[in-house]
Amino acid sequence: MEKLKNYIGGKMLAPRSRSYFNNYEPAIGRPYSLVPDSDARDVQAAVEAAQSAFPAWSAMPAEERGAIMMRIAAIVRERLEPLARAESRDNGKPLWLARSVDIPRAATNFHFFGTAIQHFASEAHPMADGSVNYTLRKPLGVVGCISPWNLPLYLFTWKVAPALATGNCVVAKPSEITPKTAYLFADICRKAGLPPGVLNIVQGSGAGAGAAIVEHPEIEAISFTGGTATGQQIARTAAPMFKKLSLELGGKNPTIVFADCDYEKTIEETVRASFANQGEICLCGSRIYVERALYDRYRDDFVRRVKKLKPGDPAAKNSRQGALVSEAHLNKVLSYVDLARDEGGRILTGGKRARLRGRCKDGWFMQPTVIEGLDYSCRTNQEEIFGPVVTLQPFDSEEEALRYANGTVYGLAASVWTNDIKRAHRVADRLQSGIVWLNCWMLRDLRTPFGGMKDSGVGREGGLEALRFFTEPKNVCVKL
Ligand code: TXE
């Protein structure tokens with residue numbers, strides 16, 4: 001089996017431990033490559049490489065840094081097909097999705113921040129007596145980026161790109177469950193002329209390499225996307241060290257459908273919002289609240305559509321649902337269906353593991369699942385499932401819909417479907433959610449603040465927010 005490597009100081013290196021663990025292909029349920037089980041020694045080497053690269057990288061004019069980043073974006077585009085195939089194989093997502101969303105977005109992330117840095121400016125605060133304050137924004141130094149398995153190269157580059165654009169050097173760790181595209185990305189950086197040590201990619205587990213990054217005293221900031229429990233653990237370690245923290249955590253996103261919505265569009269888009277990427281997107285809507293007058297019609301049409309989302313070989317053109325990322329994750333998601341039944345839920349469709357024939361007979365597929373009959377306060381409606389499972393519940397008033405929607409510890413994303421423009425804005429204003437979509441879902445402008453409130457995280461990514469996060473402001477006051 002292929003042994004993946006770390007990328008440290010511009011070199012492809014085996015882990016110091018010389019040990020590896022299996023990387024699985026979810027669609028067939030078998031290992032196909034080996035992931036370096038890196039530890040604090042590899043992280044130390046990466047930090048040292050980053051420290052030696054930092055003076056030159058941070059002093060390089062933004063145009064030159066941006067040009068290298070744009071070359072990286074161009075090579076990602078040139079290698080779209082092999083990268084998409086690798087992503088689909090590693091994660092289980094349909095190849096068409098990796099080809100149309102994940103990999104193009106990875107290129108866009110680098111292009112976006114490579115150009116954004118050319119326009120980044122800081123403030124001046126003139127005073128009444130003619131004195132002036134100006135703010136410098138300096139790179140932090142060496143920063144850590146830790147990313148999850150659901151959108152592997154997409155989220156990896158979403159963090160790494162603004163960190164590099166602002167002149168930091170990076171120690172990054174992709175999820176151990178989906179290490180492959182970050183591994184392939186190392187070669188792209190080399191080809192694009194990224195100086196050695198500017199980006200270091202350490203592969204390995206969360207408890208091993210991940211914790212070593214968070215604990216390292218010379219890593220100044222941590223940008224993390226993943227589960228809320230992991231975010232809490234990272235905050236416990238990093239906060240006493242006064243590291244800057246950006247935490248993009250879980251969600252339990254409400255979808256609120258009013259009877260006056262644009263019906264056909266709402267059905268189509270809310271099915272997508274529920275099951276895109278097998279429901280393994282932090283932004284997916286997992287609790288659908290429908291105004292009672294529309295409820296029966298919506299439920300029947302929704303279920304009819306969902307039944308057409310057949311799980312299939314991710315490599316096949318017509319597969320609408322791929323495999324879940326791991327056996328453990330599949331079992332976790334299935335356990336929520338059992339919980340929903342125990343809590344009195346009715347399974348309207350799905351609810352079981354999907355068994356395919358041929359190549360994928362042992363793959364970790366699940367039938368897209370729709371459940372009704374549950375109260376908003378039950379565990380199924382409170383905890384993040386992160387799979388192809390949604391619940392439906394009717395509501396009678398705007399007030400009630402808001403109570404359900406806001407009634408969890410999470411506050412990442414919400415979507416609202418109505419043709420009443422006043423109501424749309426009123427509801428958006430009252431939702432406890434970092435992101436609200438009105439009559440759309442996952443329509444992204446990379447300049448907007450991205451992230452959640454409550455237990456969905458701390459800080460925002462995207463646009464200026466990310467450029468600010470990865471820089472330290474320094475105020476200089478001049479008495480004239
Ligand atoms: O994520 P983890 P997991 C949710 C989802 C999922 C659950 C667990 O509900 O079922 O989280 O998924 C690294 N110090 N989301 O276990 O563990 C880890 O190696 C430093 C939501 O895969 O949070 C990986 O690189 N790093 C989500 C990354 O953190 C640590 C996306 C994420 O892994 C670490 C993914 C530690 N102590 C899962 N422990 C979203 N909101 O997008 C783990 N890691």
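Order of appearance sets the numbers: ligands from 1, and atoms from 1 within every ligand. If you're wondering where the values come from, they're calculated on a predicted model, not measured in any experiment.
The distance criterion of under 3.5 Å between nitrogen or oxygen atoms is not met by Cys282 with respect to ligand 1. Taking distance alone, with nitrogen or oxygen atoms compared against 3.5 Å, Thr225 stays at or beyond that limit from ligand 1. Checked against a 3.5 angstrom limit, the closest N/O atoms of Trp149 and ligand 1 fall inside it. Of the N or O atoms in Ile234, none lie within a sub-3.5 Å distance of an N or O in ligand 1.
At least one cation-pi condition fails for Lys5 and Tyr183: the charged atom is not both under 6.0 angstrom from the six-membered ring centre and inside a 45 degree cone around its axis. Judged by the 6.0 Å and 45° rule, Arg105 forms a cation-pi pair with Trp158.
For atom 1 (O) of ligand 1, the nearest non-hydrogen atom of the protein is Gly227 N, 4.0 Å. Protein heavy atom closest to atom 35 (C) of ligand 1, with residue, atom name and distance, is Pro148 CB, 3.5 Å. Closest to atom 4 (C) of ligand 1 among all protein heavy atoms lies Glu384 OE1, 3.3 Å. Nearest protein heavy-atom neighbour of atom 18 (C) of ligand 1: Glu176 OE1, 3.5 Å. Looking at atom 26 (N) of ligand 1, its nearest protein heavy atom turns out to be Gly210 CA, 3.6 Å.
With no hydrogens or angles considered, a side-chain donor-acceptor pair links Thr181 and Glu87 at under 3.5 Å.
Of all the atoms in ligand 1, the ones that sit under 4.0 Å from a non-hydrogen atom of Leu249 are 41 (N). Each of the following atoms of ligand 1 lies closer than 4.0 Å to a heavy atom of Thr230: 2 (P), 17 (O), 23 (O), 30 (C), 34 (C), 39 (N), 43 (C), 44 (N). Close contacts of ligand 1 with Ala211, meaning ligand atoms under 4.0 Å from a residue heavy atom, involve 14 (N), 20 (C). For ligand 1, the atoms lying closer than 4.0 Å to a non-hydrogen atom of Pro174 are 25 (O). Of all the atoms in ligand 1, the ones that sit under 4.0 Å from a non-hydrogen atom of Val214 are 20 (C). Every atom of ligand 1 with a heavy atom of Ser147 under 4.0 Å away is listed here by number and element: 24 (C), 25 (O), 28 (C). Contact atoms of ligand 1 toward Gln233: 37 (N) (distance under 4.0 Å to a heavy atom of the residue). With ligand atoms numbered from 1 in the order given, ligand 1 contributes 10 (O) to contacts under 4.0 Å with heavy atoms of His329.
Less than 6.0 angstrom separates the ring centroid of Trp149 from the ring centroid of His329. Checked against the 6.0 Å centroid threshold, Phe395 and Tyr376 do not count as a close aromatic pair.
By the 4.0 Å N-to-carboxylate-O rule, Glu268 lies too far from Arg272 to be salt-bridged with it. Using a 4.0 Å cut-off between charged side-chain N and carboxylate O, Arg299 and Glu372 make a salt bridge.
Comparing Gly206, Gly144, Ser175 against atom 36 (C) of ligand 1, the shortest heavy-atom distance belongs to Gly206.
Residue-environment remark: NZ (Lys11) stays at or below the threshold of 12 foreign heavy atoms within 6.0 Å. At most 12 non-hydrogen atoms from other residues, nucleotides or ligands lie less than 6.0 angstrom from NZ of Lys361.
By the definition of a contact as any protein heavy atom under 4.0 Å away, atom 33 (O) of ligand 1 is not in contact. Distance check for atom 8 (C) of ligand 1: every protein heavy atom is found at 4.0 Å or beyond. Checking atom 16 (O) of ligand 1 against the protein gives no heavy-atom contact under 4.0 Å.
Residues Pro148 and Leu155 meet the side-chain proximity criterion, which asks for heavy atoms closer than 4.5 Å.
For the side chain to side chain contact (heavy atoms under 4.5 Å, CB included) test with Pro15, the passing option among Val202, Asp37, Asp42 is Asp42; the others fail.
For Lys332, the heavy-atom gap to ligand 1 drops under 4.0 angstrom.
Between Phe156 and Phe185, the ring-plane angle classifies as perpendicular under the 30° and 60° cut-offs. Classification of the Tyr404-Tyr289 ring pair by plane angle, with boundaries at 30° and 60°, yields tilted.
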